[in-house]
Amino acid sequence: MRTGMCGEVGPADVGTKVRLCGWVARRREHGEHLAFVDLRDRTGIVQCVVDGSVELRTEYVVAVSGVVRRRPAGMENPALATGEVEVGDCEVEVLAAAEPPPFLVEDRADVDETVRLRYRYVDLRRPRMQANLRLRATVVGAIRRAMDRQGFCEVETPLLWSPTPEGAREFAVPSRLQRGSFYVLPQSPQIAKQLLMVGGFDRYYQIARCLRDEDLRADRQFEFSQLDMEASFVTQSDVLGFVSDAVLDATEAATGERPPPIAQMTWAEALDRYGTDKPDLRIETSLVDLGEVFAGTGIRAFAGPCVKGLRVPGGATTSRSALDALTARARSLGAKGLAWFRVSGDAGGTLEVDSPLARVLGDDERDGLLAAADARAGDLVLAVSDEHRVACRVLGQLRLELCGKPVGEGPHRYVWVVEFPMFEAIGADGHPVAAHHPFTMPHPDDLDLMATDPLSVRSQAYDLVLNGWELGSGSVRIHRADVQARVFSALGISDEEAESRFGFLTGAFRYGAPPHAGFAFGIDRLAAVLAGEESIREVIAFPKTQSGADPLTGAPKPLSASALAELGIGIVAR
RNA sequence: GGACCUGUGGUGCAGCUAGGAGUGCACGCCGGCCUGUCAAGCCGGAGGUCGCGGGUUCAAAUCCCGUCAGGUCCGCCA
């Protein structure tokens, strides 16, 4: 039906007769003797010249036959990839007429989200969405090749799974054959892939759909895709290597540049230096410890168990009212207050400090503060005194708000965050809460701390972070029944409860479970960052709105009474 | 469950603080003119229950209350 693609016509084709198919992007008519038709397909736009008038409208689907020719001198269009040439002597055949689209099929048309989604098939024609979905496909292809190359076997796992009440809310699917019973859609193939390890598939991966019935965000949809992988007879370091290969290959395939090998930092270091477990390493400045500087201070505001500082480069011009707002922001984040120091310098290079605390600040303290923060003239230095965790988290958040940039901007800075704590807090029942999941292997050095000091137990769990976004997480799993029992015990999960929730997994482990470890990361998030987007909706063909609706199909919708009856479902009014 | 922002011809906005006739801008659409344009140009035209409901007022796009939708975030996401 066609001899080539619109965006690929070039000087090499001059003199060739072509037939191109696509949509009318634009037409410029000059009376009955001359008309220009910009024809668009997925590859781009080419100008077609008709010697006569045309009966065309925007978005008509047409086939154009003509001869490629060099444009007359001075008529080239450098803004167009095909701008050196045009298709001349064109005959146009209308394959399908079209009503005017609800919005222009161009990137610069900034359209309301509902309208875009209601007419997603039009939105998808826009170069941005074409590029994003193709980039996503490139990313997935590179990941598949990397996993295949490393000897991994792609295995599919069920979408209709068994309820295993754990973390995320699950989508339920009623069983027609066993009325009153339900499947659930998997929040991840976690248990299935561990069963595959017991089953001897010692290197498994899958581009897996995961479904979680939790509130939606710019980086969260009900359904999303993960590169899910698991391997037997491997160490944590092996897993980081497998995954690094996949994401670096994907990044190189998508952007043409291969980032450097991915550095590791411990969870404790991430918190201490960046105030978060998902640090954005594109931001140069990081938190500094001011504890020594103010060790013997008389300043009551700095009496807390920990004093942390943050240098804001160029922040000295921040107005008094903005600093007041910043202080209020710090309080709303949980700090007792916020100290600020505007740094200026005279011609001789002496640094001056402007601060409400300037009067009570000793000279040594001032010099120590400036040195610790590495402050220069024109900077702003912020300080919070509190419990270590609070001081770090508050300043870490301010670091993002004052120095951060959109996730898709700038270089791609990956980092592995390792040695996550095994438990994140003591729950209402007096037992610690698992930070990752209950099959995570504790750090071998910390096994004996589980009973005495659970919150200090490190785990063999790790996250992959890209530009401040958590891409995914994984862990070395427990494969020994005695260790698993100790973890269940620490978590306050009784033998009976463990049996009813995870019995089929622990049961499988009795028949020979290899040591294994794995990982999973979000394809949508990776693709969004690599595409320079801030929302994963931009790399998903048919996403849901924040209220979980699909404006195109109208989902979710009520089910007919007969359909409900067949499923044995009754609707209870609120 | 909560906070904030947005909702005005098909699209994007201005108008709202300080109430006075649906006023304006850009794009698109329709018709006409035009033989080298390329976000074509010129001339003319059509198109809006100002998201919805209620209240205040002589008078509401504008002020108040409620509600719906979209977005961002908190909670939630082992």
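Within every chain, numbering begins at 1; the chains are lettered A, B, ... in the order of the sequence lines, protein sequences first and strands thereafter.
With hydrogens and angles ignored, no donor-acceptor pair under 3.5 angstrom links the side chain of A:R26 to the base of B:C38. Residue A:E32 places no side-chain atom within donor-acceptor reach of the base of B:U35, judged by atom type and a 3.5 Å distance cut-off alone. In this model, a side-chain donor or acceptor of A:R217 finds a partner on the base of B:G75 within 3.5 Å. Between the base of B:C76 and the side chain of A:R220 there is a donor-acceptor pair shorter than 3.5 Å. Checked by distance alone, A:E86 brings a side-chain donor or acceptor within 3.5 Å of a matching partner on the base of B:G36. Side-chain atoms of A:R69 come within donor-acceptor range of the base of B:G36, with a qualifying N/O pair under 3.5 Å.
The C1' atoms of B:G66 and B:C76 are separated by 27 Å, rounded to the nearest whole Å. When the P atom is used for both B:G12 and B:U56, the distance is 34 Å, rounded to whole Å.
Residue-nucleotide stacking is not present for A:H30 and B:C34, judged by a side-chain ring centre under 5.5 Å from the six-membered base ring centre and planes under 30° apart. B:U37 has its base stacked against the ring of A:F36, the centroids being under 5.5 angstrom apart at an interplanar angle below 30°.
Following rounding to the nearest Å, A:L333 (CG) and B:C74 (C1') show an atom-to-atom distance of 11 Å.
Taking every side-chain heavy atom of A:E214 into account, B:C76 is the closest of B:C76, B:C29, B:G70. Listed candidates were B:C77, B:C30, B:C38. Nearest to the side chain of A:R57 is B:C30. Closest approach to the A:D215 side chain among B:G12, B:G1, B:A39 is made by B:G1 (side chain taken as heavy atoms from C-beta onward). Taking the side chain of A:S535 as heavy atoms from C-beta on, and the options B:U72, B:G36, B:U35, the nearest nucleotide is B:U72.
For A:R28, no side-chain nitrogen or oxygen approaches OP1 or OP2 of B:U37 to under 4.0 Å.
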Scan nucleotides 43-51 of chain B against the protein and return all N/O pairs shorter than 3.5 Å with their distances rounded to 0.1 Å.
none

